[in-house]
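Proteins come first, then strands; the chains are lettered A, B, ... in the order of their sequence lines, and each starts at number 1. Hydrogens, waters and symmetry mates play no part in the numbers below; they use all other heavy atoms, side chains included.
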Number of protein chains: 2
Amino acid sequence: MEFEKLADILKALADPTRLKILSLLRTRDCCVCELVPIFNISQPAISKHVSRLKTAELVRETRKGQWVFYSINEKRLDEIGYALSNLPDLSEELRKLEQQGLTVRCE
Amino acid sequence: MEFEKLADILKALADPTRLKILSLLRTRDCCVCELVPIFNISQPAISKHVSRLKTAELVRETRKGQWVFYSINEKRLDEIGYALSNLPDLSEELRKLEQQGLTVRCE
DNA sequence: TATGTAAATAACAATATAGTTATATGGTTT
DNA sequence: AAACCATATAACTATATTGTTATTTACATA
């Protein structure tokens, strides 16, 4: 996965409230009004958090009547774990650096 | 791992420059002066990025003469992958919510 | 000791993030 | 249609992030 894209998804993950939301969704799907009393923040704040998670495709939404239920996208979470342990290989970039004489040798 | 702590480490990861630095360090240890020509940013900017990674224990530093070499802490990276797929269980929290009658049923 | 190079820190500016309250939108129900 | 409830969006504020240039610190060497 590209650095920019991976960084964007990691930014969506890098917040304790959003991590906790994901954790709750692992137990079961929730709607915004269920999440609000769990956190000490307003409804719009929760709404923006889930929206951020949705943009990163970490959750999906399903409207049921007046409620919007959010569910976790476990696949996406696995993808991130995989991407972290398989970052793009940049050995070629370092080889170029060596050709330009910009590397440091100090043994 | 606690949400707060995990979020802090994810914040350290959630930047394309820092991800690329980690990726480079996977090939071999580098010092700041080697990283600078690879990125279009100043030496202090690179210095702050590696410092951020160090605080998150994603890299370690070793001084060799006038250079400071940074190496990746692969173990830490694995820890994050593990933590993401094993977020704290909050089913108890949801059970409390149900007792308070704050859950939504809509089938 | 004086000079040079590498890296870190300080002070600052621009932008992004995460919260607030007020309001709009979507769907339900009387 | 009117009232109601859940959610999203708008406008705004405070703080965090990420970069800059200038300076300091650490080490090596002429």
(Q) Stem list for DNA chain D, please, built from Watson-Crick and G-U wobble pairs under 3.5 Å and keeping only runs of at least 3. (A) C:1-30 with D:1-30

Q | Start and end of the DNA chain C segment that chain A contacts, any atom under 4.0 Å from a heavy atom | A | dT17(C) to dT28(C)

Could you tabulate the donor-acceptor pairs under 3.5 Å formed by side-chain atoms of residues 88-96 of chain B, not counting sequence neighbours?
{"from": "Asp89(B)", "atom 1": "OD1", "to": "Ser91(B)", "atom 2": "N", "distance (Å)": "3.4"}
{"from": "Asp89(B)", "atom 1": "OD1", "to": "Ser91(B)", "atom 2": "OG", "distance (Å)": "3.1"}
{"from": "Asp89(B)", "atom 1": "OD2", "to": "Ser91(B)", "atom 2": "OG", "distance (Å)": "2.8"}
{"from": "Glu92(B)", "atom 1": "OE1", "to": "Arg95(B)", "atom 2": "NH1", "distance (Å)": "2.8"}
{"from": "Glu93(B)", "atom 1": "OE2", "to": "Lys20(A)", "atom 2": "NZ", "distance (Å)": "3.4"}

Q) Going through the checks in order, is the side-chain contact (heavy atoms from CB on, under 4.5 Å) test met by Leu77(B) and Ser85(A)? A) CA-CA 7 Å; Leu77(B) 212 53; Ser85(A) 40; 6.0 Å; no

Q. Roughly how far apart are Leu87(B) CG and Ile21(A) CD1, rounded to 0.5 Å?
A. 12.0 Å

**Q.** Partners passing side chain to side chain donor-acceptor pair (under 3.5 Å) against Glu74(A) (at least two apart in sequence or in another chain)
**A.** Arg26(A)

Atom pairs and distances, donor-acceptor, side-chain atoms in residues 48-59 of chain B, under 3.5 Å, two or more places apart:
{"from": "His49(B)", "atom 1": "ND1", "to": "Arg18(B)", "atom 2": "NH1", "distance (Å)": "3.0"}
{"from": "Lys54(B)", "atom 1": "NZ", "to": "Glu61(B)", "atom 2": "OE1", "distance (Å)": "3.2"}
{"from": "Thr55(B)", "atom 1": "OG1", "to": "Ser51(B)", "atom 2": "O", "distance (Å)": "3.0"}

Q | Summary of protein contacts for nucleotides 11-26 of chain D, nucleotide by nucleotide, where a base hit scores B, a sugar-phosphate-only hit scores S (4.0 Å, heavy atoms) | A | ------SSBBBB----

Q.
Looking at Arg63(A) and Gly65(A), would you say the former's side chain and the latter's main chain have a donor-acceptor pair under 3.5 Å?
A. yes

**Q.** Pair Leu22(A)-Phe3(B), side-chain contact (heavy atoms from CB on, under 4.5 Å): steps then yes or no
**A.** CA-CA 11 Å; Leu22(A) 283 179; Phe3(B) 294 118; over 6 Å; no

Q) Hey, is CZ on Arg60(A) packed in by over 12 heavy atoms from elsewhere, all under 6.0 Å? A)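 No, not enclosed.
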
Q | Check against side-chain contact (heavy atoms from CB on, under 4.5 Å), Tyr70(A) and Cys31(A) | A | CA-CA 6 Å; Tyr70(A) 288 91; Cys31(A) 53; 5.8 Å; no

Q: Measure from CH2 on Trp67(A) to P on dC4(D) and round the result to the nearest Å.
A: 17 Å

**Q.** 4.5 Å side-chain heavy-atom contact, Thr62(A) and Val68(A)
**A.**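 No; the side chains remain at least 4.5 Å from each other.
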
Q) If you look at every strand shown and take non-hydrogen atoms under 4.0 Å, does Phe39(A) touch a base, only sugar-phosphate, or nothing? A)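 Nothing: the residue Phe39(A), judged by heavy atoms under 4.0 Å, touches no strand.
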
